[in-house]
Amino acid sequence: MLLLHIFKLLIFTHPICGFVFNGRFRHLVKEVTSVLLGTPTHETRWLEQKLDHFDEKENRTWNMRYFKRNDLWRPNGPVILFIGGESETSPGFLYGGMAYELAKETNGVIFASEHRYYGKSVPLKFTGVDDFKYLSAKQSLADNAHLIRTIKLNPLFSKAKVVVIGGSYAGNLAAWMRLLYPELVDAAVASSGPVLAKKDFYEYLEKVNDVYEQYGTNNCLSRINDNFKRYETLFETEHGIENLKKEENICPESDMSVPENKQLFFLSKASDFMGRVQYGRAIDIKNNCEKMNETKEKSELFDEPNFWREESKCNDYDFNRMVDNYYKNKSDWTACWTYQTCTEFGYFQSSTSNKQPFTNNIPVDFFVKLCMKTFGSEFNDTRIENGIDRVNAMYEGLHPNVTKVVFVNGDMDPWSRLGILEDVSYDAPAIIIPRASHCRDLVANYKDSEDELKEAIKHIKYLIKKWIGVGEFI
Ligand SMILES: *[C@@H]1O[C@H](CO)[C@@H](O)[C@H](O)[C@H]1NC(C)=O
Ligand SMILES: *[C@@H]1O[C@H](CO)[C@@H](O)[C@H](O)[C@H]1NC(C)=O
Ligand SMILES: *[C@@H]1O[C@H](CO)[C@@H](O)[C@H](O)[C@H]1NC(C)=O
Ligand SMILES: *[C@@H]1O[C@H](CO)[C@@H](O)[C@H](O)[C@H]1NC(C)=O
Ligand SMILES: *[C@@H]1O[C@H](CO)[C@@H](O)[C@H](O)[C@H]1NC(C)=O
């Protein structure tokens, strides 16, 4: 259940290629976990990493977890590295999906790294905000570079071609490995990577709108809009708020006249639709619209809407309590991804655009407040904007000077609005998969996937094999 709680909370700002442990999207989960039911053939390993790769004077180190699967490897096979993103890395990626298939077809050895601060790869004991300072894409890229150098110390792999694969934020990392370490990495699959950092990511909800328009049934959007406008009206009076609290089982002590609490309510309501678009299939959208017709809009995606107070029987839309109990949990690192959005990427999924049905009650400022309340008042607009500018300058936004990177996006995925949808060059093409959601291509190894998806996967593998010169291209 913990995963579900975390997911529900993080979906707001999370491009995670994670797997929702929830009936609705079980087909995604099953793909990666079912393959683990057999006897595992991977090893878990630990690699000593510098705490700070860019400060000579900092000599502290920590141990990064990674997985290795060697049984598919034959002499001259490539090294396939699945790059971990903003969650615990699942060894499932060694047994199904893109990394596995590529390794099988090219006699490769597979590795999967875990991103610093996530999963079991925690560099420091958490004592306060200052401990987050070593959390960044740049440090993580250096971790992966050190891993590759270490792998290449093994004479069996010293001359091997290296392919990196990542999805979502780790899709960015895969592309950026080619950008920053071209001498270590020969080819990359950058799947669903929102490579452009942006503060006001209003395009996300626009894309949710478009997907409902395209795949939903008649009037679905206007019904959603009616529901959200109704919430808005209820918020206008004390009496309305009382009714809303009853209707939505909101805790008596949640003061819904506080702007941030109201915004949290709207974000939480919208996240139901966001999740369905980000991880669902076209048919899920249609079904959702049909259900809505029968039962009014009702949350069905998440069975536990109250995620920061597990013991509670009511829905606690209390911004301050959420931050204090959850984000600022002194014994845990739950705020890691939030820290990266506040210092590097923004990605704030606001309702600023009027081309979406959720009304305008989720301002960018909500997310800025989250940064400041969680990490301190210095994490303000200025700092957030500077971080975003730095990231876009360093990684070159939508026009990175890279070759041998394939940028893959699902046509249903809201994150694709910050991704590369046009070929950067002949050697850095973009692939858009019709009717596919976030990271679909990395996990789809089952037989009944859509034809467009199968075609795309075939094409991605063709490109990678061509770039590393295996198979018919030798
Ligand atoms: C690490 O650096 C500190 C000073 O910054 C020094 O006292 C210590 O001996 C160093 N440790 C190692 C293992 O080099
Ligand atoms: C559902 O939609 C159909 C067609 O749009 C309409 O005829 C019907 O009355 C709707 N049912 C409900 C319960 O709103
Ligand atoms: C805080 O973190 C600890 C350790 O991970 C966890 O057991 C606890 O449930 C967390 N508290 C909240 C409110 O999430
Ligand atoms: C953010 O804080 C810094 C000091 O930490 C200050 O110089 C800057 O003006 C602040 N920016 C805004 C928008 O408040
Ligand atoms: C792109 O990179 C290549 C080699 O890595 C370099 O020669 C070229 O000048 C770069 N182009 C731009 C526009 O920076």
Side-chain angles (χ1 to χ4, degrees), residues 15-17 47-56 58 60-67 79-87 89 93 99 111-119 121-123 132-152 161-197 336-337 339-341 343-345 347 387-407 418-420 424 428 442:
I16 189 174
C17 278
L47 177 63
E48 187 174 29
Q49 295 274 10
K50 287 183 178 161
L51 182 59
D52 188 337
H53 291 280
F54 307 99
D55 180 357
E56 292 289 315
E58 176 57 74
R60 281 177 291 173
T61 62
W62 60 284
N63 288 324
M64 181 184 88
R65 183 170 70 158
Y66 67 102
F67 302 111
V79 168
I80 313 278
L81 170 60
F82 187 90
I83 295 189
E86 72 288 19
S87 61
T89 293
F93 291 108
F111 293 87
S113 63
E114 189 164 69
H115 195 296
R116 57 166 64 201
Y117 287 71
Y118 299 95
S121 297
V122 179
F132 280 114
K133 132 171 137 190
Y134 308 99
L135 171 58
S136 69
K138 196 171 169 218
Q139 296 283 2
S140 171
L141 291 164
D143 291 337
N144 280 290
H146 178 53
L147 174 60
I148 295 171
R149 285 190 199 102
T150 305
I151 292 169
K152 292 199 138 198
K161 297 282 186 188
V162 175
V163 178
V164 297
I165 300 173
S168 199
Y169 158 57
N172 297 356
L173 296 180
W176 298 342
M177 283 302 287
R178 269 293 292 163
L179 185 71
L180 297 192
Y181 302 98
E183 75 284 3
L184 291 177
V185 176
D186 298 284
V189 180
S191 174
S192 304
V195 293
L196 183 68
C336 291
W337 177 247
Y339 183 83
Q340 291 200 260
T341 64
T343 54
E344 297 183 277
F345 306 113
Y347 295 150
I388 290 168
D389 289 347
R390 222 175 17 248
V391 159
N392 286 332
M394 187 155 38
Y395 306 115
E396 305 174 8
L398 294 174
H399 304 282
N401 183 10
V402 291
T403 57
K404 299 185 183 165
V405 179
V406 53
F407 294 95
L418 298 180
I420 290 176
V424 172
L442 291 191

Asker: Going by the angle between their ring planes, with limits at 30° and 60°, are Phe111 and Tyr66 parallel, tilted or perpendicular?
Answerer: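 The arrangement is tilted - the two ring planes meet at 30° to 60°.
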Asker: For a quick test of your reading: what N or O donor-acceptor pairs under 3.5 Å do the side chains of residues 171-184 make, sequence neighbours left out?
Answerer:
residue: Asn172; atom: OD1; partner: Val195; partner atom: N; Å: 3.3
residue: Asn172; atom: ND2; partner: Pro194; partner atom: O; Å: 3.2
residue: Asn172; atom: ND2; partner: Tyr347; partner atom: OH; Å: 3.1
residue: Arg178; atom: NE; partner: Thr403; partner atom: O; Å: 2.9
residue: Arg178; atom: NH1; partner: Val185; partner atom: O; Å: 2.7
residue: Arg178; atom: NH2; partner: Thr403; partner atom: O; Å: 3.2
residue: Arg178; atom: NH2; partner: Thr403; partner atom: OG1; Å: 2.7

Asker: Closest heavy-atom contact between Glu114 and Gly119?
Answerer: OE2-CA, 3.5 Å
Asker: Please report the shortest heavy-atom distance between Trp337 and Glu86, naming the atom on each side.
Answerer: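 Shortest heavy-atom contact: CE3-CB, 3.5 Å.
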Asker: Step by step, would you call Phe345 with Tyr169 a ring-ring contact (aromatic ring centres under 6.0 Å, His included)?
Answerer: CA-CA 10 Å; Phe345 306 113; Tyr169 158 57; 5.5 Å; yes
Asker: Please report the shortest heavy-atom distance between Ile420 and Gly397, naming the atom on each side.
Answerer: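 So the minimum-distance heavy-atom pair works out to CD1-O, 4.3 Å.
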Asker: What are the two closest non-hydrogen atoms of Arg65 and Thr89, and how far apart are they?
Answerer: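 Between these two residues, the closest heavy atoms are NH2-O, 3.9 Å.
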Asker: Measuring from atom CG of Leu147 to atom CG of Leu47, what distance do you get when rounded to the nearest 0.5 angstrom?
Answerer: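 Separation between the atoms: 6.0 Å.
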Asker: Between Met64 and Ser113, which heavy-atom pair has the shortest distance, and what is it?
Answerer: CE-CB, 4.0 Å
Asker: Is there side-chain contact between Tyr134 and Trp62, with heavy atoms separated by less than 4.5 Å?
Answerer: no
Asker: Can you measure from CD1 (Ile388) to OG1 (Thr343) and round to the nearest 0.5 angstrom?
Answerer: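 One gets 9.5 Å once the value is rounded to the nearest 0.5 Å.
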Asker: Give a yes or no on whether the backbone of Leu51 and the side-chain of Arg116 come within a donor-acceptor separation of less than 3.5 Å.
Answerer: yes
Asker: In chain order, what residues pass the side chain to side chain donor-acceptor pair (under 3.5 Å) check against Glu344, with sequence neighbours excluded?
Answerer: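 So Glu344 forms a side chain to side chain donor-acceptor pair (under 3.5 Å) with Gln340.
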Asker: Side chains of Ser136 and Phe54, heavy atoms from C-beta outward: is any pair under 4.5 Å?
Answerer: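 Side chain of Ser136 against side chain of Phe54, heavy atoms only: no contact under 4.5 Å found.
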Asker: Please report the closest heavy-atom contact between Ala99 and Phe82, naming both atoms and the distance.
Answerer: CB-CD1, 4.2 Å
Asker: Is there side-chain contact between Phe93 and Phe67, with at least one heavy-atom pair below 4.5 Å?
Answerer: no
Asker: Is there a donor-acceptor pair closer than 3.5 Å between any side-chain N or O of Glu396 and the backbone N or O of Asn401?
Answerer: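 Confirmed, Glu396 side chain pairs with Asn401 backbone.
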Asker: In chain order, what residues pass the side-chain contact (heavy atoms from CB on, under 4.5 Å) check against Lys50, with sequence neighbours excluded?
Answerer: His53
Asker: Hey, which of Val164, Val163, Ile165 is the one that makes side chain to side chain contact (heavy atoms under 4.5 Å, CB included) with Leu81?
Answerer: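 Of Val164, Val163, Ile165, side chain to side chain contact (heavy atoms under 4.5 Å, CB included) with Leu81 is met by Val164 alone.
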